[in-house]
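None of the values given here were measured: they were computed from a predicted structure.
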Amino acid sequence: MLDTVERVKGMYKVEETKKGIKVFGVKDLNPKHLFECGQCFRWNLNSRGHYIGVAGGRYAEIVYSDGVLEIIGTTKEDFYTFWFDYFDLGRDYSRIKEELSEKDEYMRQAVQFGSGIRILRQEPFETLISFIISANNNIPRIKKCIENLCRNYGDRIQDDVYAFPKPQNLANVCENELSDCIKAGYRCNYIVEASRLFIEQPFSKEKFQETDIEKARRFMREYKGVGPKVADCILLFTGSFYNAFPVDVWVGKVMTNLYKVSTQKEIDGFVQEYFGALAGFAQQYLFYAIREGFLTVQTT
DNA sequence: ACCCAGGATCTAC
DNA sequence: GTAGATCATGGG
């Protein structure tokens, strides 16, 4: 399948309001699915039941209803320069879901359950550090560590809102101090080392443009604390490789029990053949459905 | 006290 | 290249 991100940003009608903007004609988006499928860690529900969070140094409140995406706290200009890409609004997810639904019944149900998932195009450094923290950790604690990290080392952008730290701000901190501040344990060493390497050897979707996924995976694993699973998370959630397929314990169980593949090499060979360019999307639908308890897999 | 969490690293074979 | 122990931290 060819890349479907060819439609121009003018595909949506955008209206500026007192609080922010409204984008009309947005399909295949559900804030709960989007923010709770495990791809991001800085979006939370507020007292009104809306998701608030920070991305790209910008604070926003997200409301979605009947094809209208409201982004409170932003401008038309910021929408076109940042949020459009962040929410991957140029991609036709209906086509992706149709194609994946035809694969098998299990996949069809996963897609139906997480119908409002989109893969956010997140910032490389934030994604790198966040998923280093994610290793052998649980989601509530990952979110706490990252929040602590931002409060202590990120720029304050509003009253009680902090941006994700810049690499320079983490590259020279004392590991013990970092550990005391963010409570990420032994991962603090990885964070400092990775920050230093990122400064001298950064990466981005653009940098990977002419690179194949295997080479990109080897590149990512040069960062301390980045193994096979975390590498694919970073490549997928920065929008660099949509055929990346992170295998955590849950997705691993699906692969073993349903598709009868087990080793990393076996799994990747299978998903590249079976899901092709849509492997990354498939992974997210599967992960979300399993984690939410909608689909089950044998644990024995 | 023990086990687990979107695993990765280090060591030994 | 691969099986096994170890790695902070907090919640159940």
Can you give each donor-acceptor pair under 3.5 Å made by side-chain atoms of residues 111-120 of chain A, sequence neighbours left out, with the distance rounded to 0.1 Å?
unit_1, atom_1, unit_2, atom_2, d
Gln112(A), OE1, Arg108(A), NH1, 3.1
Arg118(A), NE, Phe87(A), O, 2.9
Arg118(A), NH1, Lys27(A), O, 3.0
Arg118(A), NH1, Asp28(A), O, 3.1
Arg118(A), NH2, Asp88(A), O, 2.8
Arg118(A), NH2, Arg91(A), O, 3.2

[atom1] atoms of [N] and [M], separation to the nearest Å:
N	M	atom1	result
dC2(B)	dC7(C)	P	16 Å
dT11(B)	dA8(C)	P	15 Å
dG6(B)	dG4(C)	P	24 Å

*asked:* Please determine whether a side-chain nitrogen or oxygen atom of Arg141(A) lies at a distance below 4.0 Å from atom OP1 or OP2 of dG11(C).
replied: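 The answer is no; no side-chain N or O of Arg141(A) sits under 4.0 Å from OP1 or OP2.
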
Provide, to the nearest angstrom, the distance between the [atom1] atom belonging to [X] and the [atom2] atom belonging to [N].
X	N	atom1	atom2	answer
Lys144(A)	dT9(C)	NZ	P	14 Å
Glu292(A)	dG6(B)	CD	C1'	13 Å
Asn176(A)	dT9(C)	CG	P	10 Å
Ile117(A)	dG6(B)	CD1	C1'	14 Å
Ile132(A)	dA8(C)	CD1	P	16 Å
Asn138(A)	dC3(B)	CG	C1'	12 Å
Phe41(A)	dA5(B)	CZ	P	15 Å
Phe131(A)	dA5(B)	CZ	P	17 Å

So, are [X] and [Y] salt-bridged, with charged N and O less than 4.0 Å apart?
X	Y	value
Arg217(A)	Asp268(A)	yes
Lys22(A)	Glu16(A)	no
Glu147(A)	Lys143(A)	no

*Gln264(A) near the nucleic acid: base, sugar-phosphate alone, or nothing, with a heavy-atom cut-off under 4.0 Å?*
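No contact.
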
*How is Arg187(A) classified with respect to the nucleic acid when contacts are heavy atoms under 4.0 Å: base, sugar-phosphate, or nothing?*
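Answer is base: heavy atoms of Arg187(A) come under 4.0 Å of a base.
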
*Would you say Tyr274(A)'s side chain and Tyr259(A)'s backbone share a donor-acceptor pair under 3.5 angstrom?*
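Flag not set: sc Tyr274(A) to bb Tyr259(A) has no pair under 3.5 Å.
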
*Given side chains that start at C-beta, do those of Tyr64(A) and Glu70(A) come closer than 4.5 Å, heavy atoms only?*
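No - every pair of side-chain heavy atoms lies 4.5 Å or more apart.
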
*asked:* Would you say the ring centers of Tyr106(A) and Tyr285(A) fall short of 6.0 Å from each other?
replied: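 Here the rings of Tyr285(A) and Tyr106(A) have centres that are no less than 6.0 Å from each other.
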
*Let me see the working for Phe281(A) and Tyr93(A) under ring pair (Phe, Tyr, Trp, His ring centres under 6.0 Å), right down to the final yes or no.*
CA-CA 9 Å; Phe281(A) 302 100; Tyr93(A) 278 75; 5.6 Å; yes

*Tell me yes or no: between the side chains of Glu126(A) and Ser130(A), is some donor less than 3.5 Å from an acceptor?*
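Glu126(A) vs Ser130(A): no donor-acceptor pair found between side chains.
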
*Give a yes-or-no answer on whether the side chains of Tyr51(A) and Glu36(A) include a donor-acceptor pair shorter than 3.5 Å.*
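Yes, Glu36(A) and Tyr51(A) have a side-chain donor paired with an acceptor closer than 3.5 Å.
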
*Could you run down nucleotides 1-6 of chain C 5' to 3' and tag each one B, S or - for protein heavy-atom contact under 4.0 Å?*
------

*For nucleotides 7-13 of chain B, just jot down a letter per nucleotide in 5' to 3' order: B, S or -, based on protein non-hydrogen atoms under 4.0 Å.*
BSS----

*Is the ring centre of Phe287(A) under 5.5 Å from the base ring centre of dG6(B), and are the two planes under 30° apart, so that they stack?*
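Yes, aromatic ring over the base.
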
